[in-house]
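All remarks here apply to the structure that follows.
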Amino acid sequence: MEKIASFTVDHLTLEPGLYVSRIDRDPATGAVVTTFDIRLVAPNREPVMNTAEVHTIERLGATYVRNDPAWASRVVYFGPMGCRTGFYLVVFGEVTSREVLPLVRGLFTFVADFEGDIPGAAPEECGNYLDQNLPAARWWARRYLAQTLEVIDDAHLSYSA
């Protein structure tokens, strides 16, 4: 089998950032989707996030992007990477990292400031509703905002930069 594109990125040098992971086009319909690598952790060099805070960021993040007035109709998916170093955001259309940056900043500001009940974290709404950690999710969101999103440069918006 062919190696998938995301496995060809050098995870020994990859830094936190907001990258276009791939752009896919459906040859039958012409539909285009862009997948973003929202990388919070330097792979293999920093501790990964625990599942509880990943789960919390996923619940809050998915809620945020699917309710954003400008992006809600374009969002296909928001969810965690299996390696627990970040998240994927998939949107309709060919979109750059710079274009989606305000949405991602808003998402992580929402998580950093969130108080209250986590959306979708009740037993009738989730298969693992107890695996949540809002304080840690807020910490990771604040860290990503301060160390990455608020100071982001072209090198952290493109794999090839």
Side-chain angles (χ1 to χ4, degrees), residues 4-6 9 14-41 43 49 51-122 125-129 132-134 136-161:
I4 63 171
S6 63
V9 175
L14 185 62
E15 296 181 355
L18 174 60
Y19 306 99
V20 171
S21 176
R22 59 185 294 145
I23 298 172
D24 295 289
R25 289 174 178 79
D26 181 341
T29 65
V32 177
V33 294
T34 303
T35 301
F36 292 94
D37 171 339
I38 301 173
R39 191 68 61 153
L40 277 70
V41 175
M49 295 175 281
T51 61
E53 50 261 33
V54 167
H55 195 190
T56 302
I57 293 170
E58 178 268 331
R59 291 295 164 147
L60 293 170
T63 299
Y64 180 85
V65 297
R66 290 183 182 279
N67 281 282
D68 182 272
W71 287 92
S73 65
R74 297 181 67 184
V75 172
V76 176
Y77 174 77
F78 174 81
M81 296 176 178
C83 61
R84 295 180 289 140
T85 62
F87 297 84
Y88 290 113
L89 172 65
V90 182
V91 299
F92 286 114
E94 189 167 340
V95 182
T96 68
S97 295
R98 188 132 338 253
E99 290 171 323
V100 82
L101 181 58
L103 175 68
V104 175
R105 278 189 181 131
L107 181 167
F108 283 93
T109 300
F110 177 73
V111 174
D113 296 340
F114 189 83
E115 295 180 10
D117 294 334
I118 298 163
E125 301 169 326
C126 178
N128 192 10
Y129 76 101
Q132 303 286 338
N133 188 336
L134 181 57
R138 292 177 65 183
W139 183 89
W140 280 105
R142 287 191 300 271
R143 178 184 186 259
Y144 187 56
L145 283 163
Q147 294 182 9
T148 304
L149 295 179
E150 292 172 1
V151 296
I152 203 153
D153 57 14
D154 288 341
H156 295 89
L157 288 169
S158 172
Y159 287 147
S160 59

Any ring pair (Phe, Tyr, Trp, His ring centres under 6.0 Å) involving residues 74-103? Give me the pairs, sequence neighbours left out, ordered by first then second residue.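 Sorted pair list: Phe78-Phe87.
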Non-neighbouring partners of [X] that pass side chain to side chain contact (heavy atoms under 4.5 Å, CB included), sequence neighbours left out:
| X | answer |
| --- | --- |
| Asp113 | Thr109 |
| Ala31 | Asp26, Thr29 |
| Ala122 | Glu124, Glu125 |
| Ala137 | Glu53, Thr56, Ile57, Val111 |

My understanding is that only residues two or more places apart in sequence, or in another chain, count here; which of them pass side-chain hydrogen bond (donor to acceptor under 3.5 Å, both in side chains) with Arg66? none
Could you list the residues that satisfy side-chain hydrogen bond (donor to acceptor under 3.5 Å, both in side chains) with Asp153, not counting sequence neighbours?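 Testing Asp153 for side-chain hydrogen bond (donor to acceptor under 3.5 Å, both in side chains), a comparison that skips the adjacent residues, returns His156.
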Is there any salt bridge (Lys or Arg N to Asp or Glu O under 4.0 Å) pair reaching into residues 73-100, and which pairs are they, with sequence neighbours excluded?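 Non-adjacent pairs meeting salt bridge (Lys or Arg N to Asp or Glu O under 4.0 Å): Arg25-Glu94, Arg98-Asp154.
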So, using salt bridge (charged side-chain N to carboxylate O under 4.0 Å, His left out) as the criterion, who are the partners of Asp37 when residues are at least two apart? Arg39
Partner set under salt bridge (charged side-chain N to carboxylate O under 4.0 Å, His left out) for Arg22, not counting sequence neighbours: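 In terms of salt bridge (charged side-chain N to carboxylate O under 4.0 Å, His left out), with neighbours along the sequence ignored, Arg22 is linked to Asp24.
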Side chains of Leu107 and Leu60: does their closest heavy-atom pair fall under 4.5 Å?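 Contact flag for Leu107/Leu60 side chains = no.
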Show your reasoning for whether side chain to side chain contact (heavy atoms under 4.5 Å, CB included) applies to Val65 and Asn67. CA-CA 5 Å; Val65 297; Asn67 281 282; over 6 Å; no
Would you please name every residue forming a ring-ring contact (aromatic ring centres under 6.0 Å, His included) with Tyr64, sequence neighbours left out?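 Tyr64 satisfies ring-ring contact (aromatic ring centres under 6.0 Å, His included) with Phe110 only.
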Judged by atom type as modelled, is there a donor-acceptor pair below 3.5 Å linking the side chain of Tyr144 to the main-chain atoms of Gly17?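 Present.
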